[in-house]
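Each remark here refers to the structure printed beneath this line.
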2 protein chains.
Amino acid sequence: MARAGLTADRLTQAAAELADEVGFENVTVSALARHFGVKDASLYSHIRNAHDLRVRLAVLALAELADRVSDALAGRSGKDALVAFANAYRRYAHEHPGRYTATQMALDPDTAATSAAGKHAEMTRAILRGYDLWEPDQTDAVRFLHSTFHGYVSLERAGAFHSHPRGVEASWLRALDALDSLLRAWPS
Amino acid sequence: MARAGLTADRLTQAAAELADEVGFENVTVSALARHFGVKDASLYSHIRNAHDLRVRLAVLALAELADRVSDALAGRSGKDALVAFANAYRRYAHEHPGRYTATQMALDPDTAATSAAGKHAEMTRAILRGYDLWEPDQTDAVRFLHSTFHGYVSLERAGAFHSHPRGVEASWLRALDALDSLLRAWPS
DNA sequence: TAGGCTTGCCTAGAGGTCCTAGGCAAATGA
DNA sequence: TCATTTGCCTAGGACCTCTAGGCAAGCCTA
């Protein structure tokens with residue numbers, strides 16, 4: 001029998017695709033094994049357990065998201081940067097729902113430090129260079145921005161905005177306007 | 001043998017307590033059956049399946065949260081109302097993490113309409129009475145508020161704010177100030 | 001190129017969760 | 001009191017997780 005050539009990285013990559021297809025919570029060791037035409041026991045020499053697999057997936061997604069956002073941010077500042085960041089963030093969540101869900105996993109502090117999780121805050125901070133904000137307002141604003149982006153995207157995906165006819169797109173644009181004017185006049 | 005006296009409501013209530021103890025994702029039919037000293041098959045005459053159980057839990061949590069928030073809102077307006085709403089929302093999430101997670105479940109439109117999910121938007125709208133906002137700005141603002149509250153609370157719980165020493169409490173208060181001033185001068 | 005070593009995927013199997021079908025006994029009420 | 005309903009049971013299948021141990025493919029070294 002030819003070997004399937006599994007590695008932790010290939011498994012993680014396949015898990016990411018699987019997540020987007022069937023949802024993060026359905027990313028299972030057996031499903032992944034089926035995908036490679038392999039017995040599920042075979043995966044346990046590459047990943048420790050199902051949780052480990054999901055953590056790897058989360059780390060992958062965080063890195064991808066950070067890349068996207070970082071690209072979007074390049075060469076922009078002020079409201080331009082804010083809008084580019086926000087749209088890149090939201091687009092990633094829509095294009096890769098399973099991966100995006102993965103980014104919300106609670107990682108242990110060690111993994112979080114190693115992963116791109118910290119890069120997010122750093123990049124959000126980069127947006128603020130176009131505004132006149134200094135510590136500790138900067139941290140407060142970073143948390144505010146992150147909260148609003150994540151909150152909007154996750155409520156949108158959960159269908160929380162379907163009850164009202166007002167377009168989700170229009171509200172999003174207004175939210176970005178609101179954030180911009182808020183950052184311009186951050187209450188101190 | 002004496003009967004355990006199970007009903008869908010008792011199961012849902014117990015599931016809610018279980019969720020807060022062990023996390024929403026660990027609310028399982030078998031765990032619930034163990035809690036009542038009963039075989040898991042016995043629960044299936046009261047609930048359709050595991051998903052049905054979680055939906056009932058979500059509906060319960062949505063109703064509880066709506067009650068809390070509604071109480072907090074009583075007799076207040078303007079920033080007072082905003083702060084009371086936000087704090088009640090956040091407190092519920094902290095006191096009942098499992099239930100709060102349940103409120104984020106994607107409910108089918110039918111269930112969502114019947115449940116208290118719609119009541120949230122309505123109550124958030126009540127906050128805005130103290131501010132000078134009319135449609136469609138009102139809907140945009142409701143979505144914005146909801147996003148920020150949910151985003152903040154869920155990132156906080158996921159540990160996303162631990163990387164920085166700045167107090168989570170302080171940032172929260174500043175976020176409320178920011179929302180207040182944003183609503184006062186909602187960009188149109 | 002023959003031997004040994006490492007490593008990848010295997011089989012076997014235990015334990016957990018979800019759920020259905022069908023049975024018996026407790027509660028209800030005529 | 002006896003029939004009906006209702007509640008919890010046993011049995012069992014399907015799927016997921018994970019461990020232990022085995023065999024053979026591919027890699028080294030001589």
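Proteins come first, then strands; the chains are lettered A, B, ... in the order of their sequence lines, and each starts at number 1.
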(message) What is the distance, to the nearest angstrom, from the NE2 atom on A:H51 to the P atom on C:dG16?
(response) 20 Å

(request) Select one nucleotide: of D:dT17, C:dC18, D:dC8, the one nearest the side-chain heavy atoms of B:S45. (result) D:dC8

(message) Checking contacts here: which listed nucleotide (C:dC19, C:dC9, D:dT17) is nearest the side-chain heavy atoms of A:R54?
(response) D:dT17

(request) List the steps, then state whether side chain to side chain contact (heavy atoms under 4.5 Å, CB included) holds for B:R129 with B:Q138. (result) CA-CA 9 Å; B:R129 276 202 288 274; B:Q138 220 177 67; over 6 Å; no

(request) Go through D:dC16, C:dC10, D:dT17 for me and flag the one nearest to the A:R34 side chain. (result) D:dC16

(message) Between B:Q13 and B:E17 (side chain of the first, backbone of the second, donor and acceptor by atom type, cut-off under 3.5 Å), is there such a pair?
(response) no

(message) From the set D:dT17, C:dT11, C:dC19, return the single nucleotide nearest to any side-chain atom of A:K39.
(response) C:dT11

(request) Send over the distance from A:L11 CG to D:dT17 P, rounded to a whole Å. (result) 13 Å

(request) Could you check which of D:dC16, C:dC19, C:dC10 has an atom nearest any side-chain atom of A:S42? (result) C:dC10

(request) Rounded off to whole Å, could you give me the CZ-to-C1' distance for the A:R48 and D:dC18 pair? (result) 14 Å

(request) Using whole Å, report how far CG of A:D52 lies from P of D:dC16. (result) 19 Å

(request) Find the distance A:E25:CD to C:dT17:P and express it as a whole number of Å. (result) 19 Å

(message) What's B:A41 touching, base or sugar-phosphate or nothing? Going by heavy atoms closer than 4.0 Å.
(response) base

(message) Checking contacts here: which listed nucleotide (D:dC8, C:dC9, C:dT20) is nearest the side-chain heavy atoms of B:L6?
(response) D:dC8

(message) Starting the side chain at C-beta, find the nucleotide from C:dC19, D:dC8, D:dC18 nearest to B:N49.
(response) C:dC19

(request) Would you please test B:W172 and B:N87 for side-chain hydrogen bond (donor to acceptor under 3.5 Å, both in side chains) and show each step? (result) CA-CA 9 Å; B:W172 171 252; B:N87 283 330; 2.8 Å; yes

(message) Any salt bridge linking B:E156 with A:R143? Criterion: basic side-chain nitrogen under 4.0 Å from a carboxylate oxygen.
(response) no

